[in-house]
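Counting from 1, the numbers follow the sequence of the chain as shown.
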Amino acid sequence: MKKLILMICAVAMLLSLCACGAKGFDKKNMQLSEYDGVAVNELVQMFIKQKTVTDATEELSLFIENLTDKDYSFDAAARLEVNLDGSWYLIAPKSDAMTMQLYHLPANGSEETGFNLAGNYDKLPEGSYRIVKLFVDTDGSQALAAAEFNIGRG
């Protein structure tokens, strides 16, 4: 009887660990990104300047490049997403507060901006991530840019 109870406890513990989702996230409690499966444009590109990103990285430097002859604008809003089992899920920040500034990305120009991880998110586990930003041209057309990166141990 003791062996049966021990087996049931062991199976229950394994099932509880499996429910946590890959890389420390529980997909059941996360929102699938509305940009999951959406092709990122090649007109406005975004890159992470750091060669190495770890769980101790506090801020990422983003390099944004406009490869068109159109001017774009963008705001401070950016979203962090994690790839779980081939799909992108939104990681909610600790706070929704942000500055309401509007930035200008000139035609064939570039811009640098930061993306603060420290204070906005809990410590991120190892995995594949991306930062997604929307850009709007003078006609109101939108361009979606994403910069992907991996987090390893610090």
* To do: Give me the ring orientation class for Phe25 and Tyr129: parallel if the planes are under 30° apart, tilted from 30 to 60°, perpendicular past 60°.
  => perpendicular
* Does CD in Glu112 sit with more than 12 non-hydrogen atoms of other residues, nucleotides or ligands closer than 6.0 Å? -> yes
* When you look at Ile48 and Leu62, which way does the side chain to side chain contact (heavy atoms under 4.5 Å, CB included) test go after all the steps? -> CA-CA 5 Å; Ile48 307 284; Leu62 299 175; 3.4 Å; yes
* **Shortest non-hydrogen contact between Ala143 and Tyr72, atoms and distance** => CB-CE2, 3.9 Å
* To do: Could you tell me the separation between the CZ atom of Phe135 and the CD atom of Gln142, rounded to the nearest 0.5 Å?
  => 11.5 Å
* Asked: Can you find a pair of side-chain heavy atoms, one from Thr68 and one from Asn108, that are under 4.5 Å apart?
  -> no
* Separation of Met46 CE from Phe63 CZ (nearest 0.5 Å) -> 12.5 Å
* So, the side chain of Asn120 versus the backbone of Pro93: is there a donor-acceptor pair under 3.5 Å, distance only? -> no
* Asked: Nearest heavy-atom pair of Glu42 and Gln45: which atoms, and what distance?
  -> O-NE2, 3.4 Å
* Structure fact -> For Gln50 and Thr57 the tightest heavy-atom approach is NE2-CG2, 4.5 Å
* Rounded to the nearest 0.5 Å, how far apart are CD of Glu59 and OG1 of Thr113? -> 8.0 Å
* Determine, step by step, whether Leu32 and Leu90 satisfy the side chain to side chain contact (heavy atoms under 4.5 Å, CB included) criterion, reporting the C-alpha distance in whole Å, the side-chain angles of both residues, the deciding distance to 0.1 Å, and the verdict. => CA-CA 6 Å; Leu32 184 65; Leu90 179 64; over 6 Å; no
* Asked: Which residues pass the side chain to side chain donor-acceptor pair (under 3.5 Å) test with Lys70, sequence neighbours left out?
  -> Asp137
* What's the shortest heavy-atom distance between Ile151 and Thr54, and which atoms? -> CG2-C, 3.7 Å
* Any side-chain heavy atom of Val132 within less than 4.5 Å of one from Val40? -> no
* To do: Could you tell me whether the side chain of Asp36 and the main chain of Ser87 form a donor-acceptor pair under 3.5 Å?
  => no
* Asked: Partners of Glu34 by side chain to side chain donor-acceptor pair (under 3.5 Å), sequence neighbours excluded?
  -> Arg79
* Is Lys133 reaching over with its side chain to a backbone N or O of Leu144, donor-acceptor style, under 3.5 angstrom? -> no
* Dump the intermediate steps for side chain to side chain contact (heavy atoms under 4.5 Å, CB included) on Asp71 and His104, then the final yes or no. => CA-CA 7 Å; Asp71 290 343; His104 179 74; 3.7 Å; yes
* Structure fact -> Distance col, row Tyr103:OH vs Leu105:CG, nearest 0.5 angstrom, shows 13.0 Å
* Asked: Just by distance, with hydrogens left out, do Ser141 and Asp139 show a side-chain donor and acceptor under 3.5 Å apart?
  -> no
* To do: Evaluate the side chain to side chain contact (heavy atoms under 4.5 Å, CB included) criterion for residues Asp122 and Lys94: first the C-alpha distance (whole Å), next the side-chain angles of each, then the deciding distance (0.1 Å), finally the verdict.
  => CA-CA 8 Å; Asp122 291 326; Lys94 290 180 179 180; 2.9 Å; yes
* Taking atom types as modelled, find out whether Ser33 and Glu81 have a side-chain donor-acceptor pair closer than 3.5 angstrom. => yes
* Structure fact -> In this structure, CG of Leu60 is separated from NZ of Lys49 (nearest 0.5 Å) by 12.5 Å
* To do: May I ask you to check whether Asn150 and Ser128 show a side-chain donor-acceptor distance below 3.5 Å?
  => yes
* May I ask you to decide if Val44's main-chain N or O and Asn41's side chain share a donor-acceptor pair within less than 3.5 Å? => yes
* Check Leu134 against Tyr35 and note the closest heavy-atom contact, atom names and distance. => CD1-OH, 3.3 Å
* Where is the tightest heavy-atom contact between Arg130 and Ala146, given as atom of each residue plus distance? -> CD-CB, 4.1 Å
* **Approximate separation, where rounding is to 0.5 Å, of Trp88 CH2 and Leu80 CG** => 9.0 Å
* **Hphob cluster co-occupancy, Phe47 + Leu67, side-chain heavy atoms under 4.5 angstrom** => no
